[in-house]
Amino acid sequence: MTTISKSIQGGEFLIRETEAQDVFIPEQFSEEQKMMAQACQDFIDTEITPNIEEIDSMKNPDLVPSIFKKAGELGLLGVSVPEQYGGLGMSFNTSMLIADIIGAAGSFSTTYGAHTGIGTLPILYYGNEEQKQKYLPKLATGEWAACYCLTEPDAGSDANSGKTKATLSEDGKHYLINGQKMWISNAGFADIFIVFAKIEDDKNLTALIVEKTFGGITMNEEEKKMGIKGSSTRQVFFNDCPVPVENMLSDRQNGFKIAVNILNIGRVKLGAGVLGGVRTVTSLAVKYSTERKQFGTSINSFGAVKRMLAEMAVRTYVSESLCYRAGQDIEDRMDALEAEGLSDADAKLKALEQFAIEAAIAKVHGSEVLDFVVDQGVQVYGGMGYSADAPMERAYRDARIARIYEGTNEINRMLMVGMLLKRAMKGEINLFEPAMAVANELTAVPSFETVDTSELFAAEKEVLKKLKKVFLMVGGKAAMALQDRIEDEQEVMMNLADVMIEIYAVESAILRTEKLVGIQGEEACKNQIAMSQVYLSEAVDKINAAAKEAIASFAKGDEQKVMLMGLKRFTKIDLINTKELRRQIADYMIEQGKYPF
């Protein structure tokens, strides 16, 4: 059992070393978890892939609801719901795995995620016992579908500014909801609406469980969207919709907190939820590059194509590594909090809140890897990639939404830095002391310690330590120079976020590979080693560029010169032949005929 005193805190990866043995890697999934993943894959192969064109056309309004109910019959909708409420009661990282596999289901992955995540979890985590008993069994089995009504036309990222109102009826038995919600996934066939409204003149939102049969609910036609065309997305209007007072979720004015915490879950699940799609697209690109002949040979014999295939694999491997590392850290914290006496729901919420930074990183990194991979997939296909008759066109359109929902990537970048600085100011994370030590190091005589490179990843870990110093140097100086104005300097916040993301990503990949080598041996993991080394080389350049831009934004004169000298020192890395490493990775993929890791 993990204990809180020993486990890492959210955001502490920047100031603490993590041992490979302490991270979870996807290669560790149990046979039971693998069987559940295979059942999910079989569902996609049977119900989604053969019907993908019809799903996206939305000509048959009964098709997606019927597929949804089949997912419920298989238990796929109840993975996170405890057995006592009709679910499977599986672990958090198992729910991450299922989200991962379902990511290959195109627009149905949005249908699935909206129901199992933001539609069901508010009741699971915040509902009272009566509400859980009434709603969760029907949601877990797919008898009822759920949606989440937060976004309004004039309230996007500023969710708490919503204008939807709930007024107590004269007899005191109902709240009458009036307002408009938009971009509501699953609205077209949902039975349950988690609605956020302000009761009378309250400052903060309150959440309510609304059944479609309550009345007073109307909708616009389905939105015409760029992608995820097969998922229902509608505007929802509430006109004196009567909701029993006992359907308030949690406490009055606690809605904004519910929204924030549920979005934390949505973010880390989205990080995992792109992986199935990323692997599928990469495998399709490998297959097509073998079949497509130019100049009398398969195009995958060309270095430019091999580079694209290898980069797709590298970024996929890294995103997998950080998602499941974060997922297990969240799960370990849940277990530790439960062992200390917290209820199951409270333990889950506190654990997710603790790792909200890592959840945001998973969302941003995963969605941007997805965009990169589908873009490269189109490029590998060439002209056929632009054809609606080939699979890349749909993947390309479907991918774009991932950088927008669960909070745009720009909002998530600023959130992760803002959360880190607030925790540091409260003394919850000791950030400023290490930052001061790095600041002192800048003016000290540099030490030139030799690293024993005979040990695997010794040199890479030394580089990683220095990359953490980049964040401490730039973040610490920015906090001092900008003080209360730092949150207004959004460009600097995003620069710092990019440094954070790359540090967490590359560390996760290295630790995963190191642990895997301990299990399988170095020779068996030569491609995973190559992927980790290639990504580190790229991460150093990205961190250097982001840090340099930030330094130029707030530092001047001698201070700027000292920081730039420090940046040069901290981003120094031995040159490696990434071309040969990528070719090695690509050759293995071509030999296997898919993304094989």
Side-chain angles (χ1 to χ4, degrees), residues 20 25-29 34 37 41 100-101 103-104 274-294 297-324 366 369-370 372-382 385 391-392 395 456-457 460 505-506 508-539 575-597:
I25 62 176
E27 290 81 5
Q28 286 180 281
F29 278 120
K34 289 175 185 175
Q41 186 61 55
D100 169 339
I101 304 300
V274 305
L275 294 173
V278 166
R279 283 193 295 268
T280 298
V281 168
T282 302
S283 293
L284 285 168
V286 173
K287 186 172 183 286
Y288 184 83
S289 71
T290 302
E291 296 169 351
R292 176 67 170 162
K293 303 286 197 297
Q294 288 289 283
T297 185
S298 296
I299 63 171
N300 62 23
S301 64
F302 304 134
V305 175
K306 287 185 179 183
R307 189 186 200 283
M308 286 191 281
L309 296 177
E311 274 299 308
M312 292 163 82
V314 167
R315 299 191 194 198
T316 300
Y317 179 81
V318 172
S319 216
E320 285 175 344
S321 305
L322 72 86
C323 277
Y324 287 115
V369 166
L370 175 63
F372 174 83
V373 166
V374 296
D375 183 78
Q376 295 295 284
V378 171
Q379 201 69 10
V380 170
Y381 270 64
M392 290 300 165
L456 180 66
F457 288 135
E460 288 83 356
V506 74
S508 299
I510 289 171
L511 292 173
R512 174 186 180 182
T513 304
E514 184 183 0
K515 187 168 189 176
L516 199 57
V517 167
I519 298 167
Q520 298 180 358
E522 198 165 327
E523 178 58 29
C525 301
K526 64 180 182 180
N527 291 304
Q528 288 89 338
I529 293 169
M531 288 191 288
S532 302
Q533 290 172 333
V534 168
Y535 195 88
L536 176 62
S537 178
E538 295 170 347
L575 197 64
I576 59 170
N577 190 340
T578 52
K579 182 204 78 173
E580 286 303 320
L581 291 176
R582 288 193 191 98
R583 286 194 173 192
Q584 172 192 314
I585 296 161
D587 286 342
Y588 181 66
M589 296 167 71
I590 293 163
E591 178 189 324
Q592 299 296 312
K594 62 179 181 179
Y595 174 80
F597 304 105

Fill in the blank from the handout: Distance col, row Q528:CD vs Y588:OH, nearest 0.5 angstrom, shows 7.5 Å
Under 3.5 Å, which donor-acceptor pairs link side chains of residues 510-518 to any protein atom two or more places apart or in another chain?
| residue | atom | partner | partner atom | Å |
| --- | --- | --- | --- | --- |
| R512 | NE | E27 | OE1 | 3.3 |
| R512 | NE | E27 | OE2 | 3.3 |
| R512 | NH1 | Y317 | O | 3.1 |
| R512 | NH1 | E320 | OE1 | 3.0 |
| R512 | NH1 | S321 | OG | 3.2 |
| R512 | NH2 | E27 | OE2 | 2.7 |
| R512 | NH2 | E320 | OE1 | 3.3 |
| T513 | OG1 | Y317 | OH | 2.6 |
| T513 | OG1 | A509 | O | 2.9 |
| T513 | OG1 | S532 | OG | 2.8 |
| E514 | OE1 | K461 | NZ | 2.6 |
| E514 | OE2 | K461 | NZ | 3.2 |
| K515 | NZ | V23 | O | 2.6 |
| K515 | NZ | Q28 | OE1 | 3.0 |

Exercise for the section: Could you check if a side-chain atom of R279 sits within less than 4.5 angstrom of a side-chain atom of D100, using non-hydrogen atoms only? Expected result: yes
Handout entry: Separation between CG of D587 and CD of E591, rounded to the nearest 0.5 Å
Key = 8.5 Å
Practice task
Look up atom CG in N300 and atom CG in L309, then write down how far apart they are to the nearest 0.5 Å.
Solution key: 7.0 Å
Handout entry: Criterion side-chain contact (heavy atoms from CB on, under 4.5 Å) against S537, the qualifying member of V506, L575, L581, I576
Key = I576
Handout entry: Side-chain touch V314/M531, heavy atoms, less than 4.5 angstrom
Key = yes
Exercise for the section: State the CD1-CE distance between I585 and M312, to the nearest 0.5 angstrom. Expected result: 13.5 Å
Practice task
Kindly say whether I299 contributes a backbone atom to a donor-acceptor pair with the side chain of S289 at under 3.5 angstrom?
Solution key: no
Problem - Parallel, tilted or perpendicular, as decided by the 30° and 60° cut-offs, for the rings of F29 and Y324 - result: perpendicular
Completion exercise
T316 and T282 have their tightest heavy-atom pair at OG1-OG1, 4.1 Å
Exercise for the section: Indicate the atoms forming the closest heavy-atom contact of R583 with G303, along with that distance. Expected result: NH2-CA, 3.9 Å
Problem - Distance in Å, Q41 CD paired with T280 OG1, rounded so as to fall on 0.5 Å steps - result: 6.5 Å
Exercise for the section: Apply side-chain contact (heavy atoms from CB on, under 4.5 Å) to V318 and V369, showing your working. Expected result: CA-CA 9 Å; V318 172; V369 166; over 6 Å; no
Problem - S298 (side chain) donor-acceptor with T290 (main chain) under 3.5 angstrom - result: yes
Practice task
Spell out, as yes or no, whether a donor-acceptor pair under 3.5 Å connects the side chain of S319 to the backbone of R315.
Solution key: no
Fill in the blank from the handout: Taken to the nearest 0.5 Å, the spacing of R582 CZ from E311 CD works out to 4.5 Å
Exercise for the section: I would like to know whether Y595 and V281 meet side-chain contact (heavy atoms from CB on, under 4.5 Å); could you show each step before the answer? Expected result: CA-CA 9 Å; Y595 174 80; V281 168; over 6 Å; no
Practice task
Please report the closest heavy-atom contact between K526 and Q584, naming both atoms and the distance.
Solution key: O-NE2, 3.3 Å
Handout entry: Over all atoms of both residues, closest heavy-atom pair of G385 and M392
Key = O-CB, 4.0 Å
Practice task
Heavy atoms only: give me the nearest A313-F597 pair and the separation to one decimal.
Solution key: CB-CE1, 4.2 Å
